[in-house]
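Heads up: the structure comes next, in structure tokens.
Start at 1 and go down the list; that is how both ligands and their atoms are numbered.
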Amino acid sequence: MQGEKNIWLMTQKRVEKTMEMLGLKPGLKEYLREPRRVVEVSLRVQMDNGEIDVFKGYRVQHNSDRGPTKGGLRFSSTVTVDDVKALAMLMTLKTAVVGVPFGGAKGGVTVNPKKLSLRELEALSRQFILELSPNIGIDTDIPAPDVGTNPQIMAWMTDAYSVQQGHFVPGIVTGKPVELGGSQGRDEATSAGVVSTIISALKEMNMDNIEPRVAIQGFGNAGFHCARILHDMGFKIIAVSDTGGGIYNPQGIHPQQVLEHKNTSSSVCNFSGCEPIDSRQLMEIDCDILIPAALENQIDEDNAPHVKARIIAEAANAPVTPEADEILDDRGILVIPDLLCNAGGVTVSYFEWVQNCQSYYWTYREVSSKLKKIMERSFSEVYAIAGERKVNMRTAATLLAVKRVADAVSLKTTRSHCYLDQK
Ligand code: GLU
């Protein structure tokens, strides 16, 4: 993607702005702007027809000053190295906002996983982790699921890496099935975190006495679990969509039934009792809470003026462009930014890694209550900074995160040359 739609330039610009506000010195700014390491691999996979195909894969480790680098692996036909760099930087910020002792990384393979057979997908996943193995490790860089990957893929990767090492290494990736050392509650963690931030936002906006109407773009892991949890709490899910299209019913939609329909027909479309809508229309629907839970750049300067929701909860990474941010700010719409809103996923990944390192496993209730505490505390911290500095929640969260990383670097630097006002 070019220009402003390039999420690498977009993320760098957002970070640049906060580094200025914090008064960071040029050297530190330059250091934080660029990734620490970019690994590019060629993956050789024998396809079902016997032919060899080669796929491009990337792993970007952005920053490890607060701990091992952490972040998902994405399988998508649109993956570029710039996207992965941006998403890695976002992970550095995300782990810092919620205060988990990790840095940030991201990986990806340029492939449409839906076009592969199960055997080809397994072969590609195993090959990818083996090619990355010289550069990852339980104490250095720990991958996880992202768009287009799932617990089964994490299971194959854990196995391939463990066979190579000669012993079982469950802590090498997170987001594994529970049977292989995954954490209770990891599957729904991103959404549980999103919901926690929504509840906090409703309280701050004195909207906690209404029956909120919710529209969700994307019905994968994050979108479905957001719909399910909110529905169980009495919220009305009025619209959902996936890559095939969308459905709308002002009376409310039952998420579990939509999932069953999707599992048999491969899309949410044509679910009974609903009007068809497209993904762009969904963004402009009359609702209280809008949850973009799919890909980047979904709310831009064209549709931001028409958004009717009062709260946007970014379950996806980078779904709102900087131009749209300004428009939404002017219109008084509260955007709960990705680096805070969807940080529940990496928070429970941290819990999973801790459990793997200790070989001591927690109950679902322990995981949920620890996650809730971290999400509520992080929301309050970001909300307070937004109020004090009169900035939006994205800038506030970025300020908090960049300051935490900069402070870590500054403590390691013998002659403290990190902040302009420090002699
Ligand atoms: N892919 C998720 C994210 O973007 C989770 C990363 C992780 O658990 O390491 O936050």
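- Side chain to side chain, Asp82 and Tyr58 fail the donor-acceptor criterion of an N or O pair below 3.5 Å.
- With ligand atoms numbered from 1 in the order given, ligand 1 contributes 3 (C), 4 (O), 10 (O) to contacts under 4.0 Å with heavy atoms of Lys94.
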Without placing hydrogens or testing angles, list every side-chain donor-acceptor pair under 3.5 Å for residues 165-182, not counting sequence neighbours.
residue : atom : partner : partner atom : Å
Thr174  : OG1  : Lys70   : NZ           : 2.9
Thr174  : OG1  : Ser349  : OG           : 2.8
Lys176  : NZ   : Pro170  : O            : 2.7
Lys176  : NZ   : Val173  : O            : 2.6
Lys176  : NZ   : Glu352  : OE2          : 2.7
Lys176  : NZ   : Asn356  : OD1          : 2.9

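- Near Lys106, the atoms of ligand 1 lying under 4.0 angstrom from a non-hydrogen atom of the residue are 1 (N), 3 (C), 4 (O).
- Of all protein heavy atoms, the one lying nearest to atom 5 (C) of ligand 1 is Arg186 NH2, 3.6 Å.
- Here the heavy atom of the protein found nearest to atom 8 (O) of ligand 1 is Ser349 OG, 2.5 Å.
- Taking a cut-off of under 4.0 Å to the non-hydrogen atoms of Asp146, the atoms of ligand 1 that pass are 1 (N), 2 (C), 4 (O).
- Regarding atom 7 (C) of ligand 1, its nearest protein heavy-atom neighbour is Ala144 CB, 3.3 Å.
- Put simply, no part of Gly175 is less than 4.0 Å from ligand 1, judged by heavy atoms.
- In this structure, a donor-acceptor pair under 3.5 Å is present between the side chains of Ser42 and Lys56.
- Of all protein heavy atoms, the one closest to atom 9 (O) of ligand 1 is Lys70 NZ, 2.8 Å.
- Taking a 4.0 Å cut-off on heavy atoms, Met91 registers as neighbouring ligand 1.
- Heavy atoms of Glu352 stay at 4.0 angstrom or farther from ligand 1.
- Heavy-atom separations between Pro143 and ligand 1 are all 4.0 Å or longer.
- Residue Leu290 forms a side-chain contact (heavy atoms from CB on, under 4.5 Å) with just one option from Ile216, Leu282, Val214, and that option is Leu282.
- In this model, no donor atom of one side chain and acceptor atom of the other lie less than 3.5 Å apart for Asp300 and Thr321.
- Electrostatic pairing of Asp288 and Arg213 counts as a salt bridge here, judged by a charged N lying under 4.0 Å from a carboxylate O.
- Every atom of ligand 1 with a heavy atom of Asn317 under 4.0 Å away is listed here by number and element: 4 (O).
- Side-chain N/O atoms of Asn150 and Asn221 include no donor and acceptor closer than 3.5 Å.
- Once rounded to the nearest 0.5 Å, the distance linking CG of Asp146 with CD1 of Ile153 reads 11.0 Å.
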